[in-house]
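Just so it is clear, the model here is predicted, and its values are computed rather than measured. Side chains included, hydrogens not; waters and symmetry mates left out as well; all remaining heavy atoms used. One is the number of the first residue; the rest follow in order along the sequence.
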Amino acid sequence: GGFTTAFKVRNRFFLQADFTYTRKGKKVEGKEDPALENRAVYHYFNVPIIYRIDFKSQFQGSEFKWFLGVGPNVNYWWKGNGTLKSSELDENDIGKLEYKVDFDFDPELPDFEKQYIEAPNRVQLGVIFASGLVFEPVPKQTIIVEARFEWGHSYLGEGKGIFADILAYEDDFRARNFG
């Protein structure tokens, strides 16, 4: 969810800027440990900026507008949480571990319910490709229906995600988001 605004740059060209909150997640399943399952949800504040060009077309006698756009997407990784299951946890009678993501590891005060991210990349960059329809029910008011593809090209982090000495599993954060 969020807010959007669009500014006319030229006759058919617009600069559209959004401020949104998004959730992105992942599911990791183990190959060596079939009981391993890591489900994580990451929370972001995003600022996608789309430079778009509008077109007018006709369909069965009715005129409509549509657009194509491209631009950067700046994401701030606010927080995260997840659930981890593994045979190693089962051996210690833990079952499943509900955890929160922590970006500041303190080896003196390890918290067993946190996943510590080594060298997190909290500001991530991506590229947005967009297309959509523009409806103008009344003058100077617009409804936009849009489809986007986000190609995230910054790693989530340069290091691993570790759990304070309770298990050997380390999550790899050299990964990208696509959406």
Student: Does R148 pair with E150 as a salt bridge, N-O distance under 4.0 Å?
Tutor: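 Salt bridge between R148 and E150, a charged N being under 4.0 Å from a carboxylate O: no.
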Student: Counting distance only, does the side-chain N/O of D33 pair as donor-acceptor with the main-chain N or O of A35 below 3.5 Å?
Tutor: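 Such a contact is found between D33 side chain and A35 backbone.
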Student: For Y169, check ring pair (Phe, Tyr, Trp, His ring centres under 6.0 Å) against everything at least two apart and list the hits.
Tutor: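 For Y169, no residue satisfies ring pair (Phe, Tyr, Trp, His ring centres under 6.0 Å) once neighbours in sequence are set aside.
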Student: With no hydrogens and no angle check, is any side-chain donor or acceptor of D111 less than 3.5 Å from a backbone partner on E113?
Tutor: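 Checked: pair present.
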Student: For F103, does the six-membered ring have the charged nitrogen or CZ of R122 within the cation-pi criterion, i.e. under 6.0 angstrom from the centroid and within 45° of the normal?
Tutor: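 Yes, a cation-pi geometry holds between R122 and F103.
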Student: If only atom types and distance count, is the side chain of S154 paired as donor or acceptor with the main-chain N or O of L125 below 3.5 Å?
Tutor: yes
Student: Specify the closest pair of heavy atoms between F67 and E146, including all atoms of both residues, with the distance to one decimal.
Tutor: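 Minimum heavy-atom separation between F67 and E146: CZ-OE1, 3.2 Å.
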Student: Determine yes or no for a side-chain-to-main-chain donor-acceptor pair under 3.5 angstrom, with D102 supplying the side chain and Q115 the backbone.
Tutor: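 Answer holds: no.
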Student: Has K160 got its NZ or CZ under 6.0 Å from the middle of the six-membered ring of F173, at an angle within 45 degrees of the ring axis?
Tutor: no
Student: Can you confirm whether K26 sits close enough to D171 that some side-chain heavy atom of one is under 4.5 Å from a side-chain heavy atom of the other?
Tutor: yes
Student: Is the terminal nitrogen or CZ of R174 (NZ for Lys, CZ for Arg) located under 6.0 angstrom from the six-membered ring centre of Y155 and within 45° of that ring's axis?
Tutor: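 The answer is no; the distance or angle limit is not met.
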Student: For K65, is there an ion pair with E136 - N to carboxylate O distance below 4.0 angstrom?
Tutor: yes
Student: Going by atom types only, do W66 and S57 share a side-chain donor-acceptor pair under 3.5 Å?
Tutor: yes
Student: Is there side-chain contact between N75 and K24, with heavy atoms separated by less than 4.5 Å?
Tutor: yes
